[in-house]
Amino acid sequence: MFTELRYSLRRYRWQILGWGLGVAALGLIIVAFYGSFIEEQEQFMQMLESYPPEFLAFFGGDASTMATPEGYLGMYGFSLLPLIVGIFAILAGSGLIASDEEGGQLDLILAHPLSRTAFFFGRLIALLLASLLIVFLGWLGFSVLLGGSALELSWLEMALPFLPLLAQVLIYCTLALLLSMLLPARRLAALVAGLVLVISFLLSSLSTLNEGLESIAAFLPYAYFQGSDALSGLNLGWLGGLLAVSLILSLLAWWRFMQRDIRVAGEGGWL
């Protein structure tokens, strides 16, 4: 298992650097810009108040809080980070095993003295570590300029919103992985997981304007994403619940992988 873990983690090295440094660069810009935002606060607030509520719903929903560190970071960063990093999660999760299977390599890999369980969890742990490293690099990017920033946050405080972000990433990694074990093609698994990601974001954001959507959004992951609101207190119940769901999805994917026949190559069928 550890050999497969090291091999898989090496395969993720460029994705870790690409996605992690991309999020870090976004953080550098956002944190550095906050001073200018405060100096021009009146003009920014007038601009924000002119936007329709439906638009603001996707960036925190309340223009009156946008000048606070929580509101500012939520609007310009954390409200969209689950969508951004979720793309990596879906592509990596759906291709964790299915990409090699469709490429014709999986049956050759499993012909070696390596159990399916060791293979599965070696790759899964590598994916989880890659997700953690991407979020870690993003946190560094958001934190490195805090010393001279008007945000007046410590590095530890800045880490709080990244814990719910990591939980969101793991949800979509494991969901896409499970779907790749259930559906006949990786691209179909990625499509369905992507639809869940987008619909979750849309409905959860609009539920602040339409109470009728709250009952639907309650079944979707984004409804339990605190984002920058975690600066005021981390909701451990939500965090633990998302991690528990990720664990269940992982175990279901493992169970399905143990039961199914391995294709020689190509996409599968429904029967």
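Classification of the Y224-W238 ring pair by plane angle, with boundaries at 30° and 60°, yields perpendicular. Relative ring orientation between Y222 and F201 is described as perpendicular, the plane-to-plane angle rising above 60° on a 0-90° scale split at 30° and 60°. Between W139 and W155, the two ring planes are perpendicular [angle over 60°; tilted spans 30° to 60°].
Here R186 does not pair with D100 in a salt bridge; the nearest charged N to carboxylate O distance is not below 4.0 Å. Between R187 and E102 there is no salt bridge, since no side-chain N of the basic residue sits under 4.0 Å from a carboxylate O of the acidic one.
Distance CE/M258 to CZ/F120: 10.0 Å, rounded to 0.5 Å. The CG atom of L197 lies 5.0 Å from the CG atom of L83; values are rounded to the nearest 0.5 Å. Taken to the nearest 0.5 Å, the CG atom of L170 stands 4.5 Å off from the CG atom of L166. From E70, atom CD reaches atom CE of M75 across 15.5 Å, with rounding to the nearest 0.5 Å. For the atom pair CG of L73 and CG of L151, the computed distance is 5.5 Å after rounding to the nearest 0.5 Å. Considering CD1 of I248 and CG of L178, their distance stands at 11.5 Å, rounded to 0.5 Å.
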> Is there a side chain to side chain contact (heavy atoms under 4.5 Å, CB included) between L137 and I16 once you walk through the steps?
Replying inline: CA-CA 9 Å; L137 288 175; I16 292 170; 4.1 Å; yes
> Which is it for R11 and R6 under the side chain to side chain contact (heavy atoms under 4.5 Å, CB included) test, yes or no, and what are the steps along the way?
Replying inline: CA-CA 9 Å; R11 293 205 308 178; R6 290 194 299 270; over 6 Å; no
>> Checking V144 against V31 for the side chain to side chain contact (heavy atoms under 4.5 Å, CB included) test, could you report, in this order, the C-alpha distance in whole Å, the side-chain angles of both residues, the deciding distance, and whether it holds?
In response: CA-CA 9 Å; V144 69; V31 172; over 6 Å; no
>> Walk me through whether I87 and L91 qualify under side chain to side chain contact (heavy atoms under 4.5 Å, CB included).
In response: CA-CA 6 Å; I87 297 173; L91 293 177; 4.0 Å; yes
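Taking both residues in full, the closest heavy atoms of R123 and E4 are given as NE-OE2, 2.7 Å, listed atom of the first, atom of the second, then distance. P69 and L153 make their closest contact through CB-CD1, 4.5 Å (heavy atoms, listed as atom of the first residue, atom of the second, distance). The heavy-atom pair separating A126 from S8 by the smallest distance is CB-CB, 3.5 Å. Between L127 and G93 the shortest heavy-atom distance is CD2-CA, 3.9 Å. Taking all atoms of both residues into account, the shortest heavy-atom contact from G74 to S79 is O-OG, 2.8 Å. Minimum heavy-atom separation, P164 to G227: CB-N, 4.3 Å.
Under the 3.5 Å distance criterion, the side-chain polar atoms of Y76 are left unmatched by any main-chain donor or acceptor of G27. No donor-acceptor pair under 3.5 Å is formed between the side chain of S94 and the backbone N or O of A190. Looking at S180, its side chain does come within 3.5 Å of a backbone N or O of L177 through a donor-acceptor pair. The backbone N or O of L234 sits nowhere less than 3.5 Å from a side-chain atom of Q226 that would complete a donor-acceptor pair. Under the 3.5 Å distance criterion, the side-chain polar atoms of E101 are left unmatched by any main-chain donor or acceptor of S99.
Ring centroids of F121 and F257 are separated by 6.0 Å or more, keeping the two rings apart. No close placement of the F136 and F162 rings is indicated, their centers lying 6.0 Å or farther apart.
In the hydrophobic cluster analysis, where Ile, Leu, Val, Met, Phe, Trp and Tyr join through side-chain heavy atoms closer than 4.5 angstrom, L243 is grouped together with L236. Under the 4.5 Å side-chain heavy-atom criterion for grouping Ile, Leu, Val, Met, Phe, Trp and Tyr, L114 is not connected to Y7 through any hydrophobic cluster. Residues V245 and L182 fall within the same hydrophobic cluster, defined by Ile, Leu, Val, Met, Phe, Trp and Tyr side chains chained together at heavy-atom separations under 4.5 Å. Linking Ile, Leu, Val, Met, Phe, Trp and Tyr whenever their side-chain heavy atoms come within less than 4.5 Å leaves L81 and I29 in two separate clusters.
A 6.0 Å sphere centred on CD of Q259 holds more than 12 heavy atoms belonging to other residues, nucleotides or ligands.
Hydrophobic cluster membership for W14: L17, L21 (Ile, Leu, Val, Met, Phe, Trp, Tyr linked by side-chain heavy atoms under 4.5 Å, directly or transitively).
A heavy-atom distance below 4.5 Å is found between the side chains of Y172 and S200. Residues L146 and S154 form no side-chain contact, since every pair of their non-hydrogen atoms from C-beta on lies 4.5 Å or further apart. By the 4.5 Å heavy-atom criterion applied to side chains, I134 and V169 are not counted as neighbours. Taking 4.5 Å as the limit, every side-chain heavy atom of Y12 sits out of range of all side-chain heavy atoms of W19. Side-chain contact check for I97 versus F119: some heavy-atom pair is nearer than 4.5 Å.
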